Undergrad: 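Submitted below is the structure of interest, expressed as structure tokens.
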Amino acid sequence: MKANVTYWLDRTADRLPDKIAFADEKKEVTFSGLKKQAQALATQMLEKGLFKRPVAVYLEKGVDVLVSFMGAAYSCNFYSPIDIEMPASRVNKILEVLQPAFVITTEALRAAFEQYDYQGEYLIFEEAVRMEADEQLIDAARDKGIDTDLLYVLFTSGSTGIPKGVTINHRSVIDYIDWVTETFDITQEDIFGNQAPFYFDNSILDIYSTIKSGATAYIIPKRLFAQPVPLLEYLKEKKINTIFWVPSALIVVAKLKAFRNVDLSNTLRRVLFCGEVMPNRQLNVWRKFLPDVLYANLYGPTEITDACTYYIVDREFSDDEPLPIGIPMANTDIIVLNEKDEPVSGDEVGELCVRGTSLSMGYYRNPGKTQEAFVQNPLNPCVPEIIYRTGDLVKYNEHGELVYLSRKDFQIKHMGHRIELGEIETAVSSLEEIALCCCLYDEKRQKIVLFIEEELDRAYINEKISRLVPEYMLPNKVITLETMPINANGKIDRVKLKEYL
Ligand code: AMP
């Protein structure tokens, strides 16, 4: 059977040619327009002989990014979005790993891209989408492609300072979106309000549910997430009925109780969230003001195509109770392993491991990191079978639902962003004034805290490292100690450091 996500677009463009697929502040695109422009891009790539090659997309967040993604998919190449706000050194590290065959950008942004370590070719978006599409060439490529060919690579924070490129194929996205659209009954009547950046895997749900079902997705301007009342007014004005946001975005709205000013009870139907812990305290505010909405907590890392478990909120929770992450999605198996790599029993704590079609094929050009996280299922001695070890500690509650507890390692979630504290430490250590440093996360105050031995102020450090790490990774607090505490193994004593938080 043919399997490429663009067959969804073909069908939806036939069915609903003039319906708006995606809209941003400046532009909108219909399904037929999306297909036409994407096929024009695909033709350009295929004519240059590109097939199954990485394509970097360097564009401002908006409709054009999605046209580019579909262009890559039609040509059976795979895309990787590069955030235009990312510091140059990080972009260079990504380029070193990805080695793109092509960069899709605009003439205006090309000059900015030329500062990076890249000597390859460019596809200038505004020119390429105006070219003729060659459908035969595209069909021939899609006939050669198979469902386990890559669709995209998303880069996440890596502890050594080298971002990891999570690879995902067409089959995994098809499997996931089939589940999403069926479980939440997504149809052409639905209107999404997209929050997730396109370099973050939550966006997969918005993008592909829209394309598959013929819904419409509005790309919400980023600035609105700092202004809850205008944000809710925007949702109302666009008649958005489904949102899939990171909890941080929902929390900002709940804290300021923006619902008092804007009534969404006649429009909003589904509030889905994923990416970090959703505290019941804030969810209860949403539930109080909008009791008829469906709320669902989705859980999962980029490595398993966005989400692998879900919990549709079906009972009351007190503010201090944890919200479960629920049960596995269809065609997904969750194995919780204890320290002996045996399945946990009762409410024993263990690491959540995932088995199934949703699994990434590994980190792009990084066999070492791939082998650490994608391992043989210890419960299957008979045939090769890979599971993904998430590094998340969980347990089952009395309802048989999974509950997220904490991380095993130094990965954190800060304002919805996945960060390896090691990446910040690597950046800080590169400053010549710094001898030793350590980063911890203060969960209670939601602050990244940097410990150093030198008298340097935060503004100075952040100014220096902002060339190496994105803004959301900059420490929120710097603590200078006379000497860093060291444990019996000669390592920095993180337990002691926690006392300073
Ligand atoms: P990312 O790859 O950016 O999606 O980050 C994945 C990590 O975010 C997971 O391994 C968890 O640590 C955390 N995470 C994702 N969803 C949830 C959730 N619903 N509740 C708690 N933590 C979550």
Side-chain angles (χ1 to χ4, degrees), residues 81 83 152-159 163-168 172-173 176 180 195-206 243-251 271-283 295-313 317 321-329 332 334 336 349-354 358-360 362-364 369 372-374 387-395 397 401-421 423 441 443 446 470 472-473:
D83 179 14
Y152 61 78
V153 181
L154 294 185
F155 281 87
T156 70
S157 174
S159 58
K164 290 182 291 191
V166 180
T167 60
I168 297 290
S172 302
V173 171
Y176 175 53
V180 170
Q195 170 268 323
F198 296 146
Y199 54 81
F200 177 42
D201 67 337
N202 274 10
S203 61
I204 299 304
L205 186 147
D206 301 339
I243 57 174
F244 181 45
W245 293 357
V246 278
S248 293
L250 299 175
I251 290 169
V271 174
L272 318 178
F273 40 89
C274 181
E276 60 190 336
V277 172
M278 178 73 215
N280 266 313
R281 192 156 64 85
Q282 274 89 12
L283 184 61
Y295 296 93
N297 184 17
L298 277 64
Y299 155 90
T302 311
E303 286 85 341
I304 53 76
T305 322
D306 195 21
C308 54
T309 75
Y310 72 112
Y311 170 65
I312 295 179
V313 179
F317 289 94
E321 264 181 287
L323 187 69
I325 56 170
I327 56 172
M329 293 176 176
T332 299
I334 300 296
V336 183
V349 175
E351 181 181 1
L352 191 153
C353 301
V354 191
S358 64
L359 254 60
S360 157
Y363 301 116
Y364 198 64
K369 287 281 172 202
E372 277 171 30
F374 296 87
I387 59 168
Y388 174 66
R389 300 196 76 119
T390 63
D392 288 324
L393 296 176
V394 296
K395 66 173 186 181
N397 65 14
E401 298 153 344
L402 288 157
V403 178
Y404 171 87
L405 300 171
S406 65
R407 290 284 309 169
K408 259 175 88 173
D409 55 16
F410 304 117
Q411 183 183 299
I412 60 155
K413 273 293 171 119
H414 177 53
M415 306 308 289
H417 297 284
R418 167 167 160 179
I419 302 169
E420 294 277 358
L421 291 173
E423 184 166 356
Y441 192 56
E443 290 276 353
Q446 306 232 318
Y472 60 77
M473 286 198 198

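What you see is a predicted model; the values in this text were computed from it and never measured. Atoms within a ligand are numbered from 1 in the order they appear, just like the ligands themselves.
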Undergrad: Going by the order shown, which atoms of ligand 1 are within less than 4.0 Å of some heavy atom of R407?
TA: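 Heavy-atom distances to R407 below 4.0 Å select 10 (O), 12 (O).
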Undergrad: May I ask you to identify, for F200, whether its side chain, its backbone, both or neither come under 4.0 Å of ligand 1 on a heavy-atom basis?
TA: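 Only the side chain of F200 comes within reach of ligand 1.
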Undergrad: Give a yes or no on whether K413 atom NZ has more than 12 heavy-atom contacts from other residues, nucleotides or ligands under 6.0 Å away.
TA: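 Enclosed.
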Undergrad: With heavy-atom distances below 4.0 Å as the criterion, list the atoms of ligand 1 near V277.
TA: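 Near V277, meaning under 4.0 Å from one of its heavy atoms, ligand 1 has 20 (N), 21 (C), 22 (N).
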Undergrad: To the nearest 0.5 Å, tell me how far Y404 OH sits from M278 CE.
TA: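 Between Y404 OH and M278 CE, I get 15.5 Å after rounding to 0.5 Å.
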Undergrad: Does Y299 approach ligand 1 within less than 4.0 angstrom via side chain, backbone, both or neither, non-hydrogen atoms only?
TA: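 The part of Y299 near ligand 1 is both the backbone and the side chain.
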Undergrad: Looking at E303 and R418, is there a salt bridge between them, counting it only when a charged N and a carboxylate O are closer than 4.0 Å?
TA: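 Yes, R418 and E303 are salt-bridged.
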Undergrad: Does only the side chain of K413 get under 4.0 Å from ligand 1, or the backbone, or both, or neither? Count heavy atoms.
TA: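 Under 4.0 Å from ligand 1, K413 contributes side-chain atoms alone.
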Undergrad: Considering heavy atoms of the protein only, find what lies nearest to atom 18 (C) of ligand 1 and give residue, atom and distance to 0.1 Å.
TA: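 Residue, atom and distance for the closest contact: E276 O, 3.3 Å.
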Undergrad: Suppose we call two aromatic rings close when their centres sit under 6.0 Å apart. Are F374 and Y363 close by that rule?
TA: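 Judged by ring-centre distance (under 6.0 Å), F374 and Y363 do meet the cut-off.
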Undergrad: For ligand 1, which is the ligand I care about here, please tell me if R418 has any N or O atom under 3.5 Å from one of the ligand's N or O atoms.
TA: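 Among all N and O atoms of R418, at least one is under 3.5 Å from an N or O of ligand 1.
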Undergrad: Is the backbone N or O of I325 less than 3.5 Å from a side-chain atom of T309, with the two atoms forming a donor-acceptor pair by type?
TA: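 Such a contact is found between T309 side chain and I325 backbone.
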Undergrad: Enumerate the atoms of ligand 1 whose separation from the nearest heavy atom of D201 is less than 4.0 angstrom.
TA: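 Checking each atom against D201, I get 4 (O).
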Undergrad: Which ligand 1 atoms, with their elements, are less than 4.0 angstrom from a heavy-atom of G300?
TA: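 Ligand 1 atoms under the 4.0 Å threshold to G300: 4 (O), 6 (C), 15 (C), 16 (N).
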Undergrad: From the options V271, D306, V180, I204, select the one residue that forms a side-chain contact (heavy atoms from CB on, under 4.5 Å) with F244.
TA: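 For F244, the side-chain contact (heavy atoms from CB on, under 4.5 Å) check succeeds only for D306.
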Undergrad: Hey, can you tell me if Y472 and H417 have their rings parallel, tilted or perpendicular (30° and 60° cut-offs)?
TA: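 The arrangement is parallel - the two ring planes meet at less than 30°.
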Undergrad: How are the rings of F317 and Y311 set to each other: parallel, tilted or perpendicular (split at 30° and 60°)?
TA: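 The rings of F317 and Y311 stand perpendicular, inter-plane angle above 60°.
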Undergrad: Looking only at protein heavy atoms, which one is nearest to atom 8 (O) of ligand 1, and how far off is it?
TA: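 Result for atom 8 (O) of ligand 1: G275 O, 3.2 Å.
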Undergrad: Heavy-atom pairs closer than 4.0 Å: do any link ligand 1 to the side chain of L298, the backbone, both, or neither?
TA: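 Near ligand 1, L298 shows its backbone, while the atoms from C-beta on stay back.
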Undergrad: V166: heavy atom below 4.0 Å from ligand 1, yes or no?
TA: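 No.
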Undergrad: Please list the nearest protein heavy atom to atom 11 (C) of ligand 1 with its residue and the distance rounded to 0.1 Å.
TA: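 Of every protein heavy atom, D392 OD2, 3.2 Å lies nearest to atom 11 (C) of ligand 1.
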Undergrad: Ligand 1 and T302, any nitrogen or oxygen pair closer than 3.5 angstrom?
TA: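 Yes, there is a polar N/O contact under 3.5 Å.
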Undergrad: Among protein heavy atoms, which sits nearest to atom 6 (C) of ligand 1, and what does the distance come to when rounded to 0.1 Å?
TA: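 Answer for atom 6 (C) of ligand 1: P301 CA, 3.4 Å.
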Undergrad: More than 12 foreign heavy atoms under 6.0 Å from CZ of R389: is that the case here?
TA: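 Atom CZ in R389 is packed in, count exceeds 12.
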Undergrad: Give, for atom OG of S406 and atom CD of Q411, the distance between the pair rounded to the nearest 0.5 Å.
TA: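 The CD atom of Q411 is 12.0 Å from OG of S406, to the nearest 0.5 Å.
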